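Chain letters run A, B, ... following the sequence lines, proteins first and then strands; every chain starts at 1. Quantities reported herein were computed from a predicted structural model and do not represent experimental measurements.
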Amino acid sequence: MFRISSDLIPFGSSAAMDLAWPEHFAADLERIGEKIRSSGLRVSMHPGQYTVINSPDPEVARRAALDLEYHNLPLDSLRLGPEHKIILHLGGVYGDKDTAKERFIKRWQDLSPAIRSRLVIENDDRLFTIRDVFDVSSRTGIPVVYDNLHNAINPADTSRPDLDWINLAADTSRPDLDWINLAADTWQPADGRQKIHYSQQDPDKRPGAHSSTIAVLPFLDFYEKLPDIDIMLEVKDKNLSALKCINCISNRGISALEAEWGRYKYSVLEHAPAAYQAVRQLLKDKRSYPAIEMYLLIEIALAKEVQLGSAVTAAQHVWGYFCKQASPAEKSRWETALKKYINGAASLGSVKSVLQKLAFKYDEDYLNYSYYFEL
DNA sequence: CACCGTCAAGTCGCA
DNA sequence: TGCGACTTGACGGTG
């Protein structure tokens, strides 16, 4: 799966956009679309929370419908079928949820068939619960994407109206799996595989904020109960977590872990030299597949503060790729940057920036694909 | 060059 | 009534 950014086409949703970009980029779109189709990739687009089709203001609703057209156009231009989805929340409440749901359904009926065939609806983190979403789905047939974190923050009311608040608190939500199984029935063959959103709470941020990375143990605990469906992660480090989870739920061979370690190693080294050594030991047995252990060590290491000494060591490891071929000017730039960092006059980022430019210039792909410059 | 503010979108909740 | 939070990226100004 791949989530296409809403910023794909600059000014794409603006009234000022009069470029015939689908024609202009026809050859590229054809090539990319063919790659998506032949590889079995499923792409999707996620309009922001500002796309509100159920607003009482008809002008807001009109612009929201145009925004959905804007999101549909790239998918149509790639010649992708209706299993490539557009994911939408229900919108605002305006003091009366039932009326707001009715208005969503009415506005949905006026959308073009192409958009309606792509649309899926998701529970949000403060207004419409998964139960509200099922309510709308049962009357429209729109497939439901269940979001576990949103349901934890904004749980569906599973109580009877006569239950008092104490009992309600004790039985505030059904298990994720119940909702996921219910959502399965809303997906038709033309919609492709059922998809859910999975994310974890960032411990230091407001409720509902996504974590920086997916913690592997809670993910596996969640995953082992699931039927065979698609899971889209919502997480700051994006594909890093996706690859982590894939590597932990399937044996992709020790070489896949070694490749991952190659990308993580300098970051781990600057946070925790002991963990760096531990992972090296762990990967020595070439018949093993210690994915979970490796990612746990990486998670623990990256959660620690960067130490100046180990950050210098890691940077010097990276500098080792260039020390022979670098020009005198480059050598002096590196030494100055490192000295300033050690004296507290510059950030670690400025040292890495010097190294990243060298990696690009000298075509060191081992470093160009390293997470050292990202984490 | 790091850092911070600003911009676009619509709604809701809290001063 | 007005402001901040939500989200995402680019971009401009400051020191």
Side-chain angles (χ1 to χ4, degrees), chain A residues 2-17 43-72 74 86-101 103-104 107 121-129 132 145 147 149-154 197 199 201-202 204-212 232-239 306 311 315 329-330 332-358 360 373-374:
Chain A
F2 184 78
R3 173 172 170 166
I4 298 178
S5 167
S6 295
D7 292 337
L8 181 69
I9 311 296
F11 290 94
S13 62
S14 164
M17 166 57 79
V43 300
S44 56
M45 295 198 75
H46 299 220
Q49 67 269 59
Y50 308 105
T51 303
V52 182
I53 67 167
N54 79 334
S55 173
D57 182 341
E59 189 50 28
V60 169
R62 188 187 67 84
R63 288 198 299 268
L66 285 178
D67 199 37
L68 292 178
E69 296 283 356
Y70 156 70
H71 281 90
N72 187 52
I86 296 173
I87 290 149
L88 195 62
H89 293 295
L90 292 187
V93 167
Y94 314 96
D96 179 358
K97 219 182 225 188
D98 288 333
T99 310
K101 286 183 207 168
R103 205 164 39 236
F104 179 93
R107 296 267 168 69
I121 46 179
E122 178 189 351
N123 55 316
D124 67 70
D125 60 350
R126 60 194 185 112
L127 301 174
F128 291 99
T129 67
D132 297 318
V145 163
D147 185 305
L149 184 59
H150 289 167
N151 189 57
I153 306 298
N154 181 27
H197 283 174
S199 57
Q201 173 68 46
D202 187 308
D204 302 323
K205 297 197 186 139
R206 51 121 201 144
H210 295 146
S211 60
S212 58
M232 175 161 277
L233 305 179
E234 295 188 309
V235 60
K236 293 295 171 201
D237 70 0
K238 299 186 172 77
N239 51 310
V306 172
E330 286 163 349
S332 125
R333 209 172 307 147
W334 147 254
E335 284 169 351
T336 308
L338 189 68
K339 225 174 277 170
K340 279 178 84 171
Y341 169 60
I342 292 170
N343 295 336
S347 70
L348 181 55
S350 59
V351 177
K352 289 192 182 188
S353 166
V354 169
L355 292 170
Q356 188 170 25
K357 286 195 184 78
L358 290 169
F360 184 75
F373 302 117
E374 319 294 331

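Rounded to whole Å, the distance from CG on L355(A) to C1' on dC1(B) is 15 Å. One atom, CG of L149(A), and another, C1' of dT7(C), lie 15 Å apart when rounded to the nearest Å. Per the geometry, NE2 belonging to H46(A) stands 11 Å off P belonging to dT8(C), to the nearest Å. One interatomic measurement links the two molecules: CZ of R62(A) to P of dG10(B), which rounds to 11 Å at whole-angstrom precision. Here the P atom of nucleotide dT7(C) and the CD atom of E122(A) are 12 Å apart, to the nearest Å. In this structure, the CG atom of L127(A) is 15 Å from the P atom of dC6(C), given to the nearest Å. In this structure, D7(A) places its CG atom 12 Å from C1' of dC7(B), rounding to the nearest Å. Rounded to whole angstrom, the span from the OH atom of Y341(A) across to the C1' atom of dC1(B) amounts to 17 Å.
If you check dC1(B), dC12(B), dC6(C) against the side chain of S353(A), the one that comes closest is dC1(B). With dA2(B), dT8(C), dA5(C) as the candidates, the nucleotide lying closest to the side chain of R206(A) is dA5(C). Distance from the side chain of Y94(A) is smallest for dG10(B) among the nucleotides dG10(B), dC1(B), dG9(C).
Side-chain N/O atoms of K340(A) include none lying less than 4.0 angstrom from OP1 or OP2 on dC1(B). At the phosphate of dA5(C), neither OP1 nor OP2 sits under 4.0 Å from any side-chain N or O atom of K205(A). Contact annotation: S6(A) side-chain N/O to dT7(C) OP1/OP2 distance is not under 4.0 Å.
H210(A) contributes atom NE2, which lies 7.0 Å from atom NZ of K236(A) (distance to the nearest 0.5 angstrom).
K357(A) comes within 4.0 angstrom of sugar-phosphate atoms only, judged by non-hydrogen atoms across all strands, and of no base. R126(A) comes within contact range of at least one nucleobase, with a heavy-atom separation under 4.0 Å. Residue contacts for G91(A): at a heavy-atom cut-off of 4.0 Å it reaches no nucleic acid atom on any strand shown. Contacts of G48(A) with the nucleic acid, taken as non-hydrogen atoms under 4.0 Å apart, are absent. Within the 4.0 angstrom heavy-atom criterion, no nucleotide atom of any strand lies near T51(A).
Between K238(A) and Y50(A), the residue anchored closer to the 5' end of DNA chain C is Y50(A), taking for each the nucleotide with the nearest heavy atom. Remark on DNA chain C: of its neighbouring residues S5(A) and Q49(A), the 5'-side contact belongs to Q49(A), judged by nearest-heavy-atom nucleotide.
Residues K339(A) and E335(A) are not paired through a salt bridge, judged by the lack of any N-O separation under 4.0 Å between the basic side chain and the carboxylate. D125(A) has a carboxylate O that lies under 4.0 Å from a charged side-chain N of R206(A), or vice versa, which qualifies the two as a salt bridge. Salt-bridge check for K357(A) with E330(A): failed, with every basic side-chain N at 4.0 Å or more from each acidic carboxylate O.
Not a single donor-acceptor pair under 3.5 Å links the side chain of H46(A) to the backbone N or O of I87(A). Listed for the S55(A) side chain is no donor-acceptor partner under 3.5 Å among the backbone atoms of V52(A).
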